[in-house]
Each structure stands twice: as C-alpha cells, then as structure tokens.
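Here is the naming used below: chain letters follow the sequence lines, and residue numbers restart at 1 for every chain.
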Amino acid sequence: MNAKEQKKLEKLQKMRHSMAHVMAGAVLKLMPEAKFAIGPAIDNGFYYDFDLPRKLTNEDLATIEELMKEIIKENLPFEKEVLSRAEALEMFKDQPYKVELIQELPEDEEISIFRMGDAFVDLCRGPHVEDTSRLNAQGFKLLSIAGAYWRGDEKRPMLQRIYATAFGDPKALKAHLEFLEEMEKRDHRRVGKEQDLFSLHEEAGPGLVYWHPKGARMRVTIEDFWRKEHYKNGYDMVFTPHVGKSWLWETSGHLDFYKEGMYPNMVMDDVNYYAKPMNCPFHIMIYKNGKHSYRDLPYRWAELGTVYRYERSGTLHGLLRVRGFTQDDAHLICTPDQMQSEISEVLRFSLFMLRSFGFSDISAYLSTMPEKSVGEKERWDAATESLRKAIEDEGLEYKVDEGGGAFYGPKIDLKVKDTMGREWQLSTVQFDFNLPDRFDMTFTDNDGQEKRPYVIHRALLGSIERFFGVLIENYGGAFPVWLAPTQVRVIPVSEKFEDYAKKVERSLRAEDILVDGDYSDDRMNAKIRNAQNEKIPYMVVVGEKEMNDSAVSIRVRTGEQLNGMPLDDAISMINEKIAKKEMP
RNA sequence: GCCUCUGUAGCUCAGUCGGUAGAGUACGACCAUGGUAAGGUUGGGGUCACCGGUUCAAGUCCGGUCGGAGGCUCCA
C-alpha cells in the first residue's frame, strides 16, 4: 500500500469509527439503559457491541438508521477531553464494560473521552471527524444483528452486535452493496444447489459432503490432474486405512493433544479404534515397515486421504468447513542434505498447481518457532531458513509470523486471492520434528550411523472439498472448459435432427469431451436458455444446414456465435481450450 | 457450544384476525416440430421440521427438541 492509499484508508477508518459513535448515540436514544462495549471500524464498515434490556429486531435497525440520520443532521461536534483514571472511572461507573477497559489501560496511557455534542460520550482514543456534518447520511447501511461474546470469550456475557457498512459517498456504498449481492450469487452453497454439484444432509450427519454426479465429475477431473502431476513430479501414491487402533494415536500423540478434534472411539474386540483426523501416522507406518538407506531418500508419498475431525456445529459452513474431508496430502521424508531442494521443489510445485486452477495472485506466510516447541533449535533454524530461501527464490511476497509455527515445526502457508479479491489459505508446507521422534524413524547414513530423517507434511489444494468450494466461488459457477462438468450441450433445432445431434454427441464423446444432448420437447429457445443458465461452456446447435455440411453451429457461453464450423474443427478448438485450461 | 434470525411441494416463496394449503418453477402426459435466453393445455405431488400444550378448531398462539443462516478474530 502506498502513502496515498494509506491516507485514504485512515480517513475512511476515522469516518467509520465516528459512525460507530453515531450509532451508539442512536441506540442510547432508543434504549437509555444500554450498556456499551466496543465499537471499532472494520473492513468495509464498523460495528458496535451493546448489552441491551431486550433483543434487537430488524425493525430496530431501520429505527436506529433513522435516528442516526437525525444525529448526523444536527452537526454535533466531536470533542476530546483528557481525564484522570479516577475521573474516568467515576464518569463510566454505570458502564461495566467501559470500567473494565479503563482498569486494563496501562498506567502511563492517556485516558481520553470523546463527546458527540450531548448525544453520546464514549471512552475513546480517537481520532474522529470534527463534527457529524462530515459524515454522509446516505453513505452507510446497517447490515445485521449478531451475537458476540464480550471480548470474544465464550465464558463472558453474550452481547448484541450491530454490523454496518459505511463508505465516504453513496456511490461507493452502492458499489459495495452490489458486491455483497454478487457474493451471494456466487455462494458455493447456492451454486452447488443450482448446478446440482453436491449436498449436505443434516439427518445423515452434518458437515459430511455428498458429491452428486456433476460435482463428482469435476472432482475426478481435479484428482486425475493432481495424480498425473504428482507422478510427473517424482511422487508415489499410497493408500492407507481410515481407522487405526489407539496404539497408533497414542504413539503419534494425537490422543494427548488432539482428542477433542477427533471422532469418538469405536470398540471392536475390546480395542479402541479411531477414525483418522490426519494421514501422517499411516504414512509413517509404511516407512517403519523396513530399513532405509540415505540412498533411498527422499521419499515423496502422496495420498488423497479422507480424514474426519470434530468441528463445533456452529462453525460448519457448506464445503468450506466440514467434518469429513479429503486432504491432498503428501509426506516428504528426506536427509538434511536434501531438505533445501525438496522445499524449493514443493513450493514450485505448489505454485504450479494453484496457477493451473487460475489463481495467479499468491502470497506466502512464513511461521517460525513458537515458545513451546519440540526439536533442537538447530533443526528449527535450518528448516526455517530453507523455507525462507525457497520463498525468496520464487520471488513471492511474504509475511513472517514470528513464533506462529506449530509446536512441532515451522511452516509456509500460501494464500490466493480470488476474482472477487477475497483471500483463501490453500497450500501448506510444514516441518514435523515431533512424529519422527515419537515413531523413532531412522535411516542409515553413508557413515553407517542411524539418523533421523526430516519429515515434511504438505497439502497443495488443502482439502478437495474446501478447494472445490473456493473454485465455485472464484468462478461463480462459470468454470473454465477443462473443469466444467458438462463441456458441451448438443441442441437439435427440432426433433428431425435428433439423429445427427446424437452422431455429433458420439463424435465429441469419442474425443473425451464431456457432452450431453437436450432431446426434451422444449423449444430450442428454452434449451438455449437452460444451457446458458447452467453455464455450460459450449452449446452446439444442429439443424438442416449443419447436417448437410457435417458441421455444427456453436453458441459460446459468452454469447459469441460460431456458425457452420466443420465438426472436426469444433473438436480441435474445444480440445485446445481444455488442454490450455482456458475459459471458453 | 453460545446469541439472533429462521424451518410450508424437489427448488424459490405466499398464506391476513386461529376455521383442515396456494403460486411460480421443476416433474409426468398430451398438443405444437421449432434457427439462438421461457410455446400451449393438463395432471400428480404436502403428517406445514419433530414432540407436547392452549383451543370447539393450530401452518398460524405457547413450551421444548432437531436442523439451517448470520455472528462469536478486528479493542477504549
């Protein structure tokens, strides 16, 4: 962000924070008994948390909005006053949340309040606009009421939060509201239903995904590509069980540290079994099956491994947060000498995968050693440096999260920005200094000594379910040709041309193009409309002219029209789009 | 898990003051045989999420249960 953008953002934040005070003033007018918590500016707007004598309703939002407009019209000045701690405590003695905030302020911090005329006074560091005439009464909108714990702590009282969006001018507000509408249209749950891609069934288990034929078709496309590229990049595939005896999870430490994230035990022959929340212990079992020489390393073992984790019911969200999902997992097991090249390769591979799916705006986050950790510092340092070097060699923008690594190793996370500017964390490359010790993994080095290998977990897409959700939202359901579950729909102009249409369909299918035909008794117009709504890349229309010339007329999803194209040309054109992973 | 909102046909939704259920769409049948975003007619489809209560009578009111949505990270 440059200096100009920075300044603009600060101005917006000042305006939004001032708006939050206006909203608090309006709520105070509506309910004089209101207790106030905090009201910061956030991305695209602001919120304020209140403790109120009754529940807010959507009608209240409209009322509050009107009251806010009145306050803005009154041109109330924002005036700062500096108080002593005692004065502040006295002033807010009826406001328990403010008292708590004051008491927690450091000794040497200035305590200030802001008065907004006589409508509202708040403990606040500021800054604020000079007076409410600087705020645009048409530039904000109250969005929603939500419950929020005081200080985000579920043991503290639940407050009522009002979210609002605010921009400097009405035009920007309108643009943002349109953006929100577009988000709704792209919501993967909505598109998934519209295009019949997947479903979830509360009666059969919340957070568990059912892939319908079209969604499954896309998943197969994704997985086939994934497998092919993994073999090309020197990986081997493994398959491992979905459950394991408690011995495995005791050894790995999951039962000590991750039990609340696991599905509960199943008892068989008086022994506890657990569904796997992670694949690593199984891959390690394969390693432990024999002796290994430094000459055999590195191993790169990949698995589309389905894992089950307990997520609290309130956090489940479509495909993005589920209880059963398939990690595109792999473990790299290597010698210290091989570590740098393995890390560089996996990062390069990861970028290749993400870019193949159309994500070009990628940034990295490097997380380093936390206070509580296992493994020697030298290994941490070596591993962290190899991660850093790999990022820098790729010329990626990155941020360092000091002390943000897991207790068992440093990591890189990659985030992509989608077409709507939202960030998603997908790839992760993570060292593990814990499991090799716990499972006593060794290899024989060239000096005949038994040594500990490095183990690196990595997932490129993250999970197939979540990645699929991100893909749907990124493309809004209008997928590039290679991913589309139906790439071509053949539409005969009338029943008379069904035979030719079926012949065209067979020719395309013989070329591995995903094709279907619409032989319903709808009129052609309706068929076009349906295909267009399904966002099928190519509509191949055939009638008398086409039949006579062994040709097709193509209507592209974009509206582009390619009439009278020889069938063979159409096939090559479509195949080229598929091969190049392009949009139609 | 907790807070707010919410649950009516496969889907999107209407249903007033409590009087036993409605539209569009999808699906089936028939007619129409068509040239680039909805042809016409007609039919079937509901334990109004579930359990209980109030009432002569409950989709509607009350209580509970189970789902779904938004939120619970942004610090005066």
Note on RNA chain B: ranges paired as stems (three or more Watson-Crick/G-U pairs in a row, both atom distances under 3.5 Å) are B:1-7 with B:66-72, B:10-13 with B:22-25, B:27-31 with B:39-43, B:49-53 with B:61-65
Name each donor-acceptor pair under 3.5 Å that joins a side chain in residues 495-503 of chain A to protein atoms two or more places apart or in another chain, with its distance.
from	atom 1	to	atom 2	distance (Å)
Tyr500(A)	OH	Ala551(A)	N	3.1
Tyr500(A)	OH	Ala551(A)	O	2.7

Hey, does Pro584(A) have a side-chain heavy atom less than 4.5 Å from the side chain of Val481(A)?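 Sidechains of Pro584(A) and Val481(A): in contact.
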Would you kindly give the NZ-to-P distance between Lys545(A) and rG34(B), to the nearest whole Å? 13 Å
rC31(B) P sits how many Å from Glu495(A) CD, rounded? 11 Å
Taking only N/O atoms, report every protein-nucleotides 10-14 of chain B pair under 3.5 Å with atom names and distance.
from	atom 1	to	atom 2	distance (Å)
rU12(B)	OP1	Lys193(A)	NZ	3.3

Only pairs at least two apart or in different chains count here, so list each side-chain hydrogen bond (donor to acceptor under 3.5 Å, both in side chains) that has a residue in residues 528-539 of chain A.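 Passing the test, one end in residues 528-539 of chain A: Arg489(A)-Glu534(A), Gln532(A)-Arg555(A).
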With [X], which residues qualify under side-chain contact (heavy atoms from CB on, under 4.5 Å), at least two apart?
X	answer
Pro370(A)	Ser373(A), Trp380(A)
Val322(A)	Val209(A), Phe325(A)
Tyr308(A)	Leu208(A), Tyr263(A), Ala275(A), Thr306(A)

Pairs: protein N or O with nucleotides 37-46 of chain B N or O, under 3.5 Å:
from	atom 1	to	atom 2	distance (Å)
rA37(B)	N7	Arg555(A)	NH2	3.0
rA38(B)	N7	Arg529(A)	NH1	3.2
rA38(B)	N7	Arg529(A)	NH2	3.4
rA38(B)	N6	Arg529(A)	NH2	2.7
rA38(B)	N1	Arg529(A)	NH2	3.1
rG39(B)	O4'	Arg523(A)	NH1	3.3

Closest approach of Ile536(A) to Thr486(A) (non-hydrogen atoms, all atoms of both residues):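 It is CG2-O, 3.7 Å.
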Sugar-phosphate atoms are those with a prime plus P, OP1 and OP2; base atoms are the rest. Using that split, label each nucleotide of nucleotides 67-75 of chain B B, S or - for protein heavy atoms under 4.0 Å, 5' to 3'. SSSBBBSBB
Of all pairs that satisfy ring pair (Phe, Tyr, Trp, His ring centres under 6.0 Å), the ones with a partner from residues 84-104 of chain A, not counting sequence neighbours: Tyr97(A)-Trp150(A)
Below 3.5 Å, can you tabulate the donor-acceptor pairs from side chains in residues 119-127 of chain A to any protein atom, sequence neighbours excluded?
from	atom 1	to	atom 2	distance (Å)
Asp122(A)	OD1	Lys98(A)	NZ	2.8
Asp122(A)	OD2	Tyr48(A)	OH	2.5

Distance-only, no hydrogens or angles: does the His188(A) side chain make a donor-acceptor pair with backbone N or O of Leu319(A) under 3.5 Å?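 Side chain of His188(A) to backbone of Leu319(A), a donor-acceptor pair under 3.5 Å: yes, one is there.
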Pairing residues for Phe407(A) by the ring pair (Phe, Tyr, Trp, His ring centres under 6.0 Å) criterion, not counting sequence neighbours: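 So Phe407(A) forms a ring pair (Phe, Tyr, Trp, His ring centres under 6.0 Å) with Phe257(A).
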